**Student:** 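Before anything else, here's the structure in question.
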Amino acid sequence: MLKSVIQVIREQIENRELIIRMAAFELKGSYQIHYLGSFWQFLNPAIQIGIYWFVFGLGIRGGAAVDGTPFFLWLLAGLVPWFFISPSIIQGANSVHQKIGIVSKMHFPISLLPTIRIISSTPQFIVMLIILFIVSLIYGLKPSLYTLQIIYYTFAMYVFLIAFALIASTISTLVRDFQLLLQSMMRMLFYLTPILWSTDLIINKLGDFGRLLENILRLNPLYYIVQGFRDSVLGKAWFFEDLIYMGYFWIVTFALLYFGSVLHLKFRKDFMDYL
């Protein structure tokens, strides 16, 4: 039953050095013709953060704190994981279709392609995390034991992204419309995931119905990751305090990994025919 999952995981482990080398090569190649080079990996999200802070922090919200936390710090704690998640999902889903020509010449497992794309975005994620901690210190929030949870949520994020990218890259190769649909879905999820706003707003306005809406929004696995990073940085909660929600996230993640592995292994020999 788990034969497909074991095979895909084995391919990732046995080729881990190749994944790192190709991720570094892809990162270097993405910015080699730009004057600022890889600095754009920091500059792009920094500009977006500034815009969101200006519009939602100073403009719409007037800079009001969220649950006692300065809005900019609260916003940044949610944006940092999202700026890694969103491009990883979109580009990971397109990784097989985009690089299938290389695979046909080099002959290595196609299942590595989504992982390579995700790993290549890691330097940007690390830089953004460092900025997040610097901003936290500026606001007087020192690291605590809760901060160690970032290790767990980072691991959970990578596992989910690899699992999702595996199934999404297969579907996107078979049905190209899926890539456009996924891009639209990610834009929608950005606003449905409480990154720019807190679920306390709908609970305060709608009461019990607001709590129902919050539970529906929590069905989105990205909610678990974003909120987990926020709880870790701001010291709000431990990851094991809600074991039911934790179990739900991992069930969804392993379901994606299982069906993604089965689907990928079933069709990957025929990818060239679909292209």
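Because the structure is predicted, anything quoted here is derived from the model rather than measured. Count residues from 1 along the sequence.
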**Student:** Do Leu196 and Leu192 sit in the same hydrophobic cluster, where Ile, Leu, Val, Met, Phe, Trp and Tyr count as joined when their side-chain heavy atoms come under 4.5 Å apart?
**Tutor:** yes

**Student:** Quick one: CD1 on Ile90 to CE on Met185, what's the gap to the nearest 0.5 Å?
**Tutor:** 11.0 Å

**Student:** Only one of Phe229, Tyr153, Phe160, Tyr158 passes ring pair (Phe, Tyr, Trp, His ring centres under 6.0 Å) with Phe84; say which it is.
**Tutor:** Tyr158

**Student:** Taking all non-hydrogen atoms of both residues into account, name the closest pair between Arg230 and Gly78 and its distance.
**Tutor:** NH2-CA, 3.3 Å

**Student:** For Asn220, what residues pass the side-chain hydrogen bond (donor to acceptor under 3.5 Å, both in side chains) criterion, not counting sequence neighbours?
**Tutor:** Thr193

**Student:** Please list, chain by chain and in numerical order, all residues satisfying ring-ring contact (aromatic ring centres under 6.0 Å, His included) with Tyr245, sequence neighbours excluded.
**Tutor:** Tyr224

**Student:** Using distance only, find each side-chain donor-acceptor pair of residues 247-256 under 3.5 Å and give its atom names and separation, not counting sequence neighbours.
**Tutor:**
unit_1	atom_1	unit_2	atom_2	d
Tyr248	OH	Leu219	O	2.5
Trp250	NE1	Tyr152	OH	2.9
Thr253	OG1	Phe249	O	2.9

**Student:** Take Val96 and Thr170, measure what side-chain contact (heavy atoms from CB on, under 4.5 Å) needs, and give me the verdict at the end.
**Tutor:** CA-CA 7 Å; Val96 172; Thr170 303; 6.0 Å; no

**Student:** Of Ile171, Ile110, Ile167, Thr173, which meets side chain to side chain contact (heavy atoms under 4.5 Å, CB included) against His264?
**Tutor:** Ile110

**Student:** Could you state whether Ile119 and Ile151 fall into the same hydrophobic cluster, counting links through intermediate Ile, Leu, Val, Met, Phe, Trp or Tyr residues with side-chain heavy atoms under 4.5 angstrom apart?
**Tutor:** no

**Student:** Report the C-alpha separation of Met186 and Leu222 in whole Å, then their side-chain angles, then the decisive distance to 0.1 Å, and conclude whether the side-chain contact (heavy atoms from CB on, under 4.5 Å) test is met.
**Tutor:** CA-CA 10 Å; Met186 291 307 298; Leu222 301 183; 4.2 Å; yes

**Student:** Can you name the residues that form a ring-ring contact (aromatic ring centres under 6.0 Å, His included) with Phe259, not counting sequence neighbours?
**Tutor:** none

**Student:** Atom CD of Gln124 and atom CZ of Phe83: how far apart are they, to the nearest 0.5 Å?
**Tutor:** 8.5 Å

**Student:** If you round to the nearest 0.5 Å, how far is CG of Leu112 from CD of Glu14?
**Tutor:** 10.0 Å

**Student:** To the closest 0.5 Å, what do you measure between CZ (Phe190) and CD1 (Ile195)?
**Tutor:** 5.0 Å

**Student:** Tell me if the CZ atom of Phe240 is crowded by more than 12 foreign heavy atoms within 6.0 Å.
**Tutor:** yes

**Student:** In chain order, what residues pass the side-chain hydrogen bond (donor to acceptor under 3.5 Å, both in side chains) check against Asn15, with sequence neighbours excluded?
**Tutor:** none

**Student:** Can Leu180 be reached from Val175 by stepping across I, L, V, M, F, W or Y side chains whose heavy atoms are under 4.5 Å apart?
**Tutor:** no

**Student:** CG/Leu182 to CG/Asn94 distance, rounded to the nearest 0.5 angstrom?
**Tutor:** 9.5 Å

**Student:** Can you name the nearest heavy-atom pair linking Ala168 to Ala93, along with the distance?
**Tutor:** CB-CB, 3.7 Å

**Student:** Honestly curious: do Leu213 and Val226 fall in one hydrophobic cluster under the side-chain, below-4.5 Å linking rule?
**Tutor:** yes

**Student:** Can you name the closest pair of heavy atoms from Ala165 and Ile118 and give their distance?
**Tutor:** CB-CD1, 4.1 Å

**Student:** Say you draw a straight line from CG of Leu161 to CD1 of Ile225; how long is it, rounded to the nearest 0.5 Å?
**Tutor:** 6.0 Å

**Student:** Just grab all the side chain to side chain donor-acceptor pair (under 3.5 Å) pairs involving residues 75-88, residues at least two apart or on different chains.
**Tutor:** none

**Student:** So do Asp231 and Trp238 actually touch side chain to side chain, heavy atoms under 4.5 Å?
**Tutor:** no

**Student:** Just do the side-chain contact (heavy atoms from CB on, under 4.5 Å) check on Arg10 and Ile6 with the steps written out, would you?
**Tutor:** CA-CA 6 Å; Arg10 184 185 294 119; Ile6 294 173; 3.4 Å; yes

**Student:** In the structure I gave you, are the side-chain heavy atoms of Thr199 and Gln227 within less than 4.5 Å of one another anywhere?
**Tutor:** no

**Student:** Taking everything shown except Tyr139 itself, do over 12 heavy atoms lie less than 6.0 Å from its OH?
**Tutor:** yes

**Student:** Can you get from Leu137 to Met128 by hopping between Ile, Leu, Val, Met, Phe, Trp and Tyr side chains that sit under 4.5 Å apart?
**Tutor:** no

**Student:** Taking the side chain as every heavy atom from C-beta outward, state whether Gln183 and Ile89 have any pair of such atoms under 4.5 Å apart.
**Tutor:** no

**Student:** Quick check against the 3.5 Å criterion: does Ser95 have a side-chain atom that pairs as donor or acceptor with the backbone of Gly92?
**Tutor:** yes

**Student:** According to the side chain to side chain donor-acceptor pair (under 3.5 Å) rule, which pairs have a member within residues 127-137, sequence neighbours left out?
**Tutor:** none

**Student:** Got a sec, which residues hit side-chain hydrogen bond (donor to acceptor under 3.5 Å, both in side chains) with Ser111, two or more places apart in sequence or on another chain?
**Tutor:** Glu11, Gln12

**Student:** Identify the heavy atoms of Val233 and Leu141 that sit nearest to each other, and give their distance.
**Tutor:** O-CD2, 3.3 Å

**Student:** Who else is in the cluster with Ile130 when I, L, V, M, F, W and Y are joined by side-chain contacts under 4.5 Å?
**Tutor:** Ile126, Ile134, Ile138

**Student:** Just wondering, are more than 12 heavy atoms of other shown residues or ligands nearer than 6.0 Å to CD in Glu241?
**Tutor:** yes

**Student:** Under the rule for ring-ring contact (aromatic ring centres under 6.0 Å, His included), what residues qualify as partners of Tyr223, not counting sequence neighbours?
**Tutor:** none

**Student:** Take Arg21 and Leu18 through the test side-chain contact (heavy atoms from CB on, under 4.5 Å) and record every step on the way to the result.
**Tutor:** CA-CA 5 Å; Arg21 288 200 305 271; Leu18 177 61; 3.7 Å; yes

**Student:** Checking Gln149 side chain against Ala237 main chain: does a donor-acceptor pair fall under 3.5 Å?
**Tutor:** yes

**Student:** Who passes ring-ring contact (aromatic ring centres under 6.0 Å, His included) against Phe72, sequence neighbours left out?
**Tutor:** Trp53

**Student:** For Arg187, what residues pass the side-chain hydrogen bond (donor to acceptor under 3.5 Å, both in side chains) criterion, not counting sequence neighbours?
**Tutor:** Ser184

